[in-house]
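All values reported here derive from a predicted model rather than from experimental measurement. For this chain, numbers begin at 1 and follow the sequence in order.
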Amino acid sequence: MRADRLLATLLFLQERGRVTVPEVAAELEVSERTARRDLEALASAGIPVYSQRGRGGGWSLVGGARTDLTGLTADEIRALFLVAGPLSDTPELRTTLRKLVRALPTTMRAQAQAATRAGVVDATDWSRNAVTADAAHRSALQGAVVDGIRVRLGYAGVGKPAGERTVDPLGLVAKAGVDYLVAGTDKGLRTFRLSRVTSVEPTGEPVTPPPDFDLATAWRTLSGAFQDGMYAVTARARVHPDALALLQRFLGGRVRVGGPLPDGWTEVWVDGPAAKALAGHLAGLGARVEVLEPPEVRQWLARIGAELTEMYAGEEPHAPHGS
């Protein structure tokens with residue numbers, strides 16, 4: 001934290017030109033003793049900072065220096081704030097952005113502030129369910145990744161009660177609005193969906209990353225294996241014109257469209273992780289899609305249809321259990 005505080009102190013000096021110890025203490029929300037020690041540390045580190053006693057005194061940058069500490073161009077600054085603005089959903093991030101804006105040259109501040117308001121992130125889906133992890137868990141894992149600290153991770157897998165395991169956090173990945181942790185485990189690299197994380201407890205032990213670890217490469221390998229599983233079964237089908245767009249909306253890239261058939265329908269190939277799962281996806285379109293092959297998917301569709309007919313063909317609903 002001290003490195004962050006020293007940088008914030010230096011930016012505050014740049015903005016004000018001359019500051020007093022009480023002003024620094026109030027700005028950074030630290031004690032006056034800590035503020036004075038940080039100012040002295042800047043001077044000891046070779047930063048051109050000096051103090052002047054007496055009335056109107058304080059701490060200043062030598063020569064009143066007010067250079068652009070970021071070294072960024074106007075376009076780079078705008079790009080930075082366009083990305084950071086929508087993510088400023090915590091007090092810490094909002095404070096950081098305010099400090100960064102103040103550190104910019106006056107001519108660049110208006111555009112930077114406008115960029116932070118140019119977008120927003122809605123962390124819920126259309127069913128009003130949160131699609132991102134709890135901010136506290138995300139923040140704790142980000143800190144563990146940056147600091148290289150092993151953690152005890154509380155995690156609830158699909159259809160499983162929450163359990164605890166010790167992992168080496170190596171990086172965070174956002175895919176299609178969902179956050180994942182890439183971590184080393186006793187079984188090798190694994191991914192953990194952050195929305196299923198129930199607790200994060202740093203152990204204080206250092207992380208031991210694999211040799212030559214690269215997050216982007218690791219993610220491509222891990223996600224590639226998962227995606228391959230989504231294409232384990234392919235069904236050839238014919239789709240009514242009214243249902244083609246709906247099918248593509250449901251299954252996206254897992255639908256490959258062929259040419260039109262003589263009856264006006266369209267031939268398609270649809271991929272899925274298993275025959276049963278693929279049949280379940282297609283059953284919702286009813287008679288507007290006909291699977292031609294493989295027979296396993298046709299059999300599952302027939303079974304689903306029979307179960308639905310048995311349940312809904314009668315005039316009255318089934319009586320609840322126990323009535």
Who pairs with W300 by ring pair (Phe, Tyr, Trp, His ring centres under 6.0 Å), at least two apart in sequence or on another chain? none
Can you establish whether the number of heavy atoms outside E307 located under 6.0 Å from its atom CD is more than 12? yes
Apply side-chain contact (heavy atoms from CB on, under 4.5 Å) to residues L170 and V145 and explain how you reach the verdict. CA-CA 6 Å; L170 299 172; V145 170; over 6 Å; no
Interatomic distance, R36 atom CZ to E32 atom CD [nearest 0.5 angstrom]: 7.0 Å
Side chain of R236, backbone of V291: donor and acceptor closer than 3.5 Å? no
Value rounded to 0.5 Å, distance of OG1 in T191 from CG in D179: 12.5 Å
Identified side-chain contact (heavy atoms from CB on, under 4.5 Å) counterpart of Y155 within the set V197, V200, T198: V197
Can you check whether L153 reaches P169 side chain to side chain, under 4.5 Å on heavy atoms? no
Less than 4.5 Å apart, any side-chain heavy atom of D271 and any of R256? yes
In Å, rounded to the nearest 0.5 Å, how long is the span from CG of D168 to CZ of R190? 13.5 Å
Residues two or more places apart in sequence or in another chain: which of them pass side-chain contact (heavy atoms from CB on, under 4.5 Å) with V173? V182, L215, W219
F12 and V24, any side-chain heavy atoms less than 4.5 Å apart: yes
For V178 and R193, what are the C-alpha separation, side-chain angles and deciding distance, and is it a side-chain contact (heavy atoms from CB on, under 4.5 Å)? CA-CA 8 Å; V178 180; R193 184 166 174 158; 3.4 Å; yes
Using atom types as modelled and distance alone, determine if a side-chain donor or acceptor of T166 lies under 3.5 Å from a backbone N or O of R152. no
Flag if over 12 foreign heavy atoms under 6.0 Å of CZ, R303: no
OH of Y50 to CZ of R18: how many Å apart, nearest 0.5 Å? 5.0 Å
Hey, what do you get for NE2 (H137) to CG (L194), rounding to the nearest 0.5 Å? 9.0 Å
Does the side-chain contact (heavy atoms from CB on, under 4.5 Å) test come out yes or no for R298 and E290, once each step is laid out? CA-CA 9 Å; R298 290 177 58 87; E290 179 187 5; 4.1 Å; yes
Pairs meeting criterion ring pair (Phe, Tyr, Trp, His ring centres under 6.0 Å) with involvement of residues 242-272, two or more places apart: H240-W265
Go through it in stages, so that I can follow the logic: the residues are D242 and R288, the test is salt bridge (Lys or Arg N to Asp or Glu O under 4.0 Å), and I'd like the CA-CA distance, side-chain angles, deciding distance and then a yes or no. CA-CA 8 Å; D242 292 345; R288 290 183 293 173; 5.8 Å; no
